[in-house]
Amino acid sequence: MPEGHTLHRLAGQLRPLVGGKVAASSPQGRFAEGARHIDGRRLETVEAIGKHLLFDFEDVVLHVHLGLAGSMFASDPAGEPRPGVRLRLVDEPQTVAWNLAAPTRCELWSHEERAALFNRLGPDPLRGDDPQPAFDRISRSDRSIGDLLLDQAVVAGIGNVFRAEVLYCCGVHPNRPGRSLTTAELSCLWETTVNLMRRGVREGRISTVEPSPGDGPEPLDAPAARYVYKQEACRRCGGAVTSWALGPRVAYACETCQPR
DNA sequence: GCTGCATGATGAA
DNA sequence: TCATCCTGCAGCA
């Protein structure tokens, strides 16, 4: 399930297709017309911004958003596609098929629409963006920092897991108003987000707990370790992790380690 | 087998 | 604030 790291990882995995022609089809049928339009075209670039994936095909841009349930996975191009696959992309030498399933968005865009997306989104921790615009917005806001971090116009790519974990790592309570955060806290939030999301790109999942020295690398088949997201007890102080509805999503915090 | 929730986001009310 | 969309899966009967 995707936060920003998933899309940036996918963009990296799809990069070998860039420069070549791509065969596009829609086994499920719901993107048949769009697939026909890009079928046989040369892929110029693939990139991720926030939770969005953008494929540049000369005159047209393919915009993909996975939403909550979407996924994109590679398979053998000789194999039969799963019937639910909205879009299937195969490279010209037919070495790999990429399958898009259950996206909330899969559509063709103009370059203007793509530019509008870039204007709308806040800085992306995985693109090396300058965080200052996000800091400015947070510092001027009465909204809670938990609410602000999920607003893609403030920071692009953070989802509910990273929100909970990053706030915990910096000792910031999700309910604190944006304007109450110190410069040091803002810097901590940004740096922690960059580090944790980069780790997410490397590992293909959201593991946030720092492995203890001498433990060696955590096995990738172990359950992802989290500090507070869906946890019962705080790993640091042993106190209860509380959870509550913060707007439309559930927030998690240790009230001791993240004072209000 | 069924229900409802989930690492997301939008549009209506 | 609510309903809605997309799917997989945990939890339940």
Side-chain angles (χ1 to χ4, degrees), chain A residues 1-11 26-32 34-35 48-54 62-73 75 81-88 98-107 109 113-114 116-122 124-126 143-144 146-169 174 192-209 220 222-232 241 243-253:
Chain A
M1 302 211 185
E3 296 191 19
H5 68 296
T6 305
L7 287 303
H8 283 267
R9 183 179 168 90
L10 275 172
S26 179
Q28 177 206 42
R30 286 181 58 178
F31 191 59
I49 177 163
K51 299 169 187 169
H52 304 256
L53 195 53
L54 297 161
L62 170 66
H63 170 240
V64 168
H65 194 296
L66 295 179
L68 200 54
S71 65
M72 198 159 189
F73 55 93
S75 70
R82 257 168 40 188
V85 168
R86 179 87 52 94
L87 171 65
R88 185 172 162 96
W98 279 95
N99 305 272
L100 172 66
T104 39
R105 289 298 170 97
C106 172
E107 58 201 349
W109 271 3
E113 286 172 295
R114 169 207 168 90
L117 174 70
F118 276 72
N119 284 333
R120 176 159 64 83
L121 294 177
D124 179 340
L126 289 174
R143 292 160 63 197
S144 69
D147 182 22
L148 288 162
L149 288 185
L150 281 192
D151 183 342
Q152 302 297 300
V154 176
V155 184
I158 295 183
N160 208 20
V161 181
F162 281 122
R163 167 175 83 170
E165 298 294 285
V166 163
L167 286 169
Y168 174 85
C169 288
T192 306
T193 304
V194 169
N195 289 335
L196 291 184
M197 288 186 79
R198 281 187 183 157
R199 183 173 168 195
V201 174
R202 280 197 308 275
E203 298 185 5
R205 60 181 195 162
I206 306 177
S207 285
T208 53
V209 174
L220 281 177
R226 315 262 167 79
Y227 288 108
V228 286
Y229 179 79
K230 285 193 174 169
Q231 303 300 302
E232 292 186 356
V241 169
S243 63
W244 67 97
L246 181 49
R249 315 299 297 281
V250 178
Y252 302 84

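Every chain is numbered from 1, with letters handed out A, B, ... down the list of sequences.
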Checklist outcome for this item: Pairing string of DNA chain B (Watson-Crick or G-U wobble, both atom distances under 3.5 Å; | = paired to other strand) is ||||||.|||||.
Next on the checklist: Are A:Leu66 and A:Leu10 packed together at the side-chain level, in the sense that at least one heavy-atom pair is separated by less than 4.5 angstrom?
Outcome noted: yes
Item to check | For A:Arg143, side-chain hydrogen bond (donor to acceptor under 3.5 Å, both in side chains) partners two or more places apart | outcome: A:Asp147, A:Asp151
N/O contacts under 3.5 Å, protein versus nucleotides 3-7 of chain C?
unit_1	atom_1	unit_2	atom_2	d
C:dC6	OP1	A:Arg30	NH1	2.7
C:dC6	OP1	A:Arg30	NH2	3.1

Checklist entry - What distance, rounded to whole Å, do you find between the two P atoms, one in B:dG4 and one in C:dT4? => result 14 Å
Next on the checklist: Ring-plane angle category for A:His52 and A:His65, please: parallel below 30°, perpendicular beyond 60°, tilted otherwise.
Outcome noted: perpendicular
Checklist entry - Looking across every strand, which nucleic acid part, if any, lies under 4.0 Å from A:Arg120 by heavy atom: base, sugar-phosphate, or nothing? => result sugar-phosphate
Item to check | Results of side-chain contact (heavy atoms from CB on, under 4.5 Å) for A:Gln231 - residues two or more places apart only | outcome: A:Arg226, A:Val241
Item to check | Counterpart residues, ring-ring contact (aromatic ring centres under 6.0 Å, His included), relative to A:Trp98 (two or more places apart) | outcome: none
Checklist entry - Got a sec, which residues hit side-chain hydrogen bond (donor to acceptor under 3.5 Å, both in side chains) with A:Gln152, two or more places apart in sequence or on another chain? => result none
Item to check | Residues which pass side-chain hydrogen bond (donor to acceptor under 3.5 Å, both in side chains) with A:His8, listed by chain and number, not counting sequence neighbours | outcome: A:Asp124
Checklist entry - Excluding sequence neighbours, so at least two apart, what forms side-chain contact (heavy atoms from CB on, under 4.5 Å) with A:Arg9? => result A:Gln13, A:Val201
Checklist outcome for this item: What residues 151-163 of chain A contributes to the DNA chain B interface at heavy-atom separation below 4.0 Å is A:Gln152, A:Gly159, A:Asn160, A:Val161
Item to check | By salt bridge (charged side-chain N to carboxylate O under 4.0 Å, His left out) - contacts of A:Arg105 (at least two apart) | outcome: A:Glu107
Next on the checklist: Rounding to an integer number of angstrom, what distance separates B:dT7 and C:dT1 when you compare their C1' atoms?
Outcome noted: 23 Å
Checklist entry - Tell me, do A:Asn99 and A:Met72 make a side-chain contact under 4.5 Å, heavy atoms counted? => result no
Item to check | C1' spacing across the pair B:dT10 / C:dG8, given as an integer number of angstrom | outcome: 22 Å
Item to check | Donor-acceptor pair between A:Arg163 and A:Asn160 side chains, under 3.5 angstrom | outcome: yes
Checklist outcome for this item: Outermost contacting nts on DNA chain B, any atom under 4.0 Å from chain A heavy atoms, listed 5' then 3', are B:dA6 to B:dT10
Next on the checklist: Tell me every residue that passes salt bridge (charged side-chain N to carboxylate O under 4.0 Å, His left out) with A:Arg114, counting only those two or more places apart in sequence or in another chain.
Outcome noted: A:Glu47, A:Asp56
Checklist entry - Would you say A:Ser26's side chain and A:Arg88's backbone share a donor-acceptor pair under 3.5 angstrom? => result no
